[in-house]
Amino acid sequence: MQIEPPPQMLCVPAGLWLRPPKPKPGLSRQCLSSDLGCCGAEGLLLLCPATLMFPLPQTPTGRPGSASSQDMDSAYGDSLQGECLRKPDRKQLKLYGVGDPVAMFSSDSSCLSSRGRVSKWFWDSAEEGYRTYHMDEYDEDKNPSGIINLGTSENKLCFDLLSRRLKQNDMLHVEPSLLQYPDWRGHLFLREEVAKFLSFYCKSPAPMKPENVVVLNGCASLFSALATVLCEAGEALLIPTPYYGAITQHVYLYGNVRLAYVYLESEVTGLNARPFQLTVKKLELALQGVNSEGVKVKGLILINPQNPLGDIYSPEELQEFLGFAMRHQLHVIMDEVYMLSVFEESLGYRSVLSLERLPDPQRTHVMWATSKDFGMSGLRFGILYTENQHVATAVASLCRYHGLSGLVQHQMAQLLRDHDWISQVYLPENHARLKAAHTYVSEELRALGIPFVSRGAGFFIWVDLRKYLRRGTFEEEGLLWRQFLDNKVLLSCGKTFECKEPGWFRVVFSDKENRLHLGMQRVRQVLARQPQVVDEASPCHTQEPSTQSV
Ligand SMILES: Cc1ncc(COP(=O)(O)O)c(C=O)c1O
């Protein structure tokens with residue numbers, strides 16, 4: 001089929017669109033609508049940030065998820081609307097933003113309180129893709145034309161190992177205390193095991209202490225609890241973008257806490273620089289900008305290993321970021337939920353708990369869960385490690401609503417104490433399988449000539465599909481995402497991660513070979529139908545440096 005070039009493109013052979021040296025300015029502003037479904041799988045539809053604060057805007061603005069052009073302005077600035085970001089004009093790029101998750105809020109659920117309406121709105125506007133997937137899940141035998149999910153960050157590679165371990169006799173134990181109300185921080189026997197586990201697997205310089213541990217049902221709850229106990233309503237937590245987008249919801253729903261974005265760019269500016277690299281300078285500039293808008297920032301969220309970049313921070317970078325936080329008296333929430341999913345050993349990943357000295361231990365709070373590293377996102381087990389007893393106690397108080405069954409606490413203690421199984425059976429096999437799956441998908445991407453960022457941690461590859469967007473807008477990104485979904489493969493698009501540059505997608509590779517194979521085949525089919533843009537004036541190819549990819 002012959003595809004007509006858009007007016008501002010010149011058509012060249014081999015299905016490429018050639019961008020003229022000077023793209024036309026002032027392309028019409030596009031609204032991001034939920035219909036475009038820029039959805040992440042474990043997250044929600046992230047809408048354009050604006051500067052409104054809780055309480056809710058009173059005027060309904062159409063369907064959940066629709067955004068006005070005014071909202072887009074406040075988020076990205078006029079200059080970026082509809083423009084290609086291949087070569088961002090650094091002067092025009094805003095380095096920070098303050099999110100308002102309910103700026104486009106609309107709800108007619110009059111039976112609900114304003115909080116209830118927000119809560120429902122999040123549900124309604126989130127995850128078109130995820131919901132579509134659950135109605136039409138791929139199954140080799142029962143539904144071979146169903147949707148392949150390369151969008152949800154789950155490790156589906158090791159169920160055989162896990163189920164064998166979880167079925168062993170030591171897992172089933174019942175005694176009265178396990179059926180009674182527990183210490184809300186978690187049973188002491190479990191917190192002792194968690195402390196030993198962290199000491200060993202985080203290589204802490206001194207033994208971790210059970211009194212600094214709180215256990216609860218996953219990192220999502222912990223984000224919610226920490227935001228609530230550390231911030232007043234309307235205050236903000238700084239976070240580098242792109243980031244695991246559901247945190248917006250986690251910190252907002254109970255705590256009414258917002259995120260302040262530190263926008264990172266793909267462009268590599270220095271010799272040893274990486275795409276989307278965080279620096280203290282960027283943190284400083286963003287903090288200044290957010291403060292200048294009158295928004296109080298209470299803390300910094302760091303995800304290490306990073307989701308969606310699959311990148312890690314070096315110990316030196318960690319020290320610098322922690323030092324920045326200390327200078328500004330910010331709390332640091334360290335999300336290390338992927339800490340044992342670093343399958344490229346040469347990366348030399350270090351947990352923050354391994355550092356010889358924390359600049360501000362009273363304001364450093366570490367989270368981890370079994371959701372990712374043990375492929376048990378449905379089991380709901382997470383932990384907080386903090387030396388700050390006020391924070392530990394305040395979070396523990398909320399654990400009355402986020403607590404774990406005594407029987408699960410017993411199981412988790414058994415699992416975490418079994419260092420032999422973890423170190424000799426589970427982790428080596430899990431890493432080998434992750435690595436093989438990663439190799440397969442990255443080779444597919446290379447064969448397609450698609451640049452990507454990935455360093456050997458986590459379950460995902462951050463893929464640069466900007467050349468498939470003619471004008472480089474989020475609207476086009478959403479349309480491309482929809483084409484993938486229509487072709488029965490679910491991916492997560494960059495908007496979901498509050499990525500500043502339209503055209504990035506996250507591809508999850510931690511799945512079985514047959515599903516990966518079919519998923520990538522469907523991705524390829526969509527891209528083959530898609531014309532490509534060659535940016536003659538400013539070819540800004542995201543590099544895949546040799547140290548970056550494996
Ligand atoms: C970086 C990050 N933190 C936290 C979570 C949520 O973890 P949990 O399932 O333990 O609530 C996720 C899930 O995708 C994640 O990617």
Side-chain angles (χ1 to χ4, degrees), residues 39-44 46 122 126-127 129-130 133 149-156 186 194 214-227 237 239-254 259 276 278 299-313 332-342 349 351-352 365-385 395 398-399 401-404 408 412 415-416 434 454 457-462 490-492 494 496-499 506-511:
C39 300
E42 79 275 10
L44 61 148
L46 282 183
F122 264 109
E127 291 304 326
Y130 194 55
Y133 163 69
N149 184 352
L150 305 184
T152 306
S153 176
E154 284 179 305
N155 184 348
K156 296 177 184 150
V194 169
V214 180
V215 302
L216 76 176
N217 60 346
C219 285
S221 305
L222 188 47
F223 268 118
S224 171
L226 279 173
L237 295 163
I239 191 163
T241 78
Y243 69 92
Y244 155 62
I247 297 175
T248 308
Q249 179 179 14
H250 300 338
V251 300
Y252 194 81
L253 277 189
Y254 283 127
L259 295 177
F276 299 100
L278 180 65
L300 167 67
I301 298 174
L302 293 174
I303 305 171
N304 189 36
Q306 219 274 354
N307 176 6
L309 300 175
D311 198 357
I312 62 160
Y313 299 125
V332 179
I333 299 178
M334 281 298 314
D335 177 343
E336 298 194 349
V337 75
Y338 294 96
M339 76 170 180
L340 297 180
S341 300
V342 182
Y349 171 76
S351 161
V352 78
H365 319 296
V366 185
M367 61 169 74
W368 179 76
T370 47
S371 311
K372 311 295 175 182
D373 288 342
F374 284 94
M376 295 182 190
S377 43
L379 187 119
R380 315 307 301 141
F381 172 74
I383 60 115
L384 165 69
Y385 192 89
V395 168
L398 292 175
C399 285
Y401 319 111
H402 297 293
L404 297 167
V408 168
M412 289 301 98
L415 184 80
L416 298 183
L434 281 171
S454 177
F459 307 157
F460 22 75
I461 299 182
W462 187 236
L490 177 65
L491 304 182
S492 305
T496 316
F497 304 90
E498 207 60 50
C499 184
R506 191 188 70 176
V507 177
V508 171
F509 59 79
S510 45
D511 206 344

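Keep in mind it's a predicted model, so treat the numbers as computed, not measured. For ligands, and for the atoms within them, numbers begin at 1 and follow the listed sequence. In this chain, numbering begins with 1 at the start of the sequence shown.
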Within less than 4.0 angstrom of ligand 1, does Y338 place any heavy atom?
yes
Polar proximity ligand 1 side, K372 side, N/O cut 3.5 Å exclusive:
yes
H250 to ligand 1, any heavy atom closer than 4.0 Å
no
Check the angle between the aromatic planes of Y252 and F122 and answer parallel, tilted or perpendicular using the 30° and 60° thresholds.
tilted
Is the closest N or O pair between A369 and ligand 1 shorter than 3.5 Å?
no
Check this for me - ligand 1, N307, N or O atoms closer than 3.5 angstrom, yes or no?
yes
Ligand-residue contact atoms, ligand 1 with I303, heavy atoms, under 4.0 Å
1 (C)
Does any N/O atom on S371 come nearer than 3.5 Å to any N/O atom on ligand 1?
yes
Side chain to side chain, M376 and L415, heavy atoms closer than 4.5 Å:
yes
Ligand-side contact atoms (ligand 1) for residue partner D335, heavy atom cut-off under 4.0 Å:
1 (C), 2 (C), 3 (N), 4 (C)
When rounded to the nearest 0.5 angstrom, what is the spacing between CG in D373 and OH in Y338?
9.0 Å
Kindly write out the residues that satisfy side-chain contact (heavy atoms from CB on, under 4.5 Å) with S371, not counting sequence neighbours, or none if the list is empty.
A369, S377, R380
Using 30° and 60° as the class boundaries, would you call the ring planes of H250 and Y244 parallel, tilted or perpendicular?
tilted
In short, T370 meets M412 closest at the heavy-atom pair CG2-SD, 4.1 Å
Within-cut-off N or O pair, C219 and ligand 1, under 3.5 Å
yes
Ligand 1 contact by M367, heavy-atom criterion under 4.0 angstrom
no
Only counting residues at least two apart or in another chain, list the ones meeting side-chain contact (heavy atoms from CB on, under 4.5 Å) with S224.
Y254
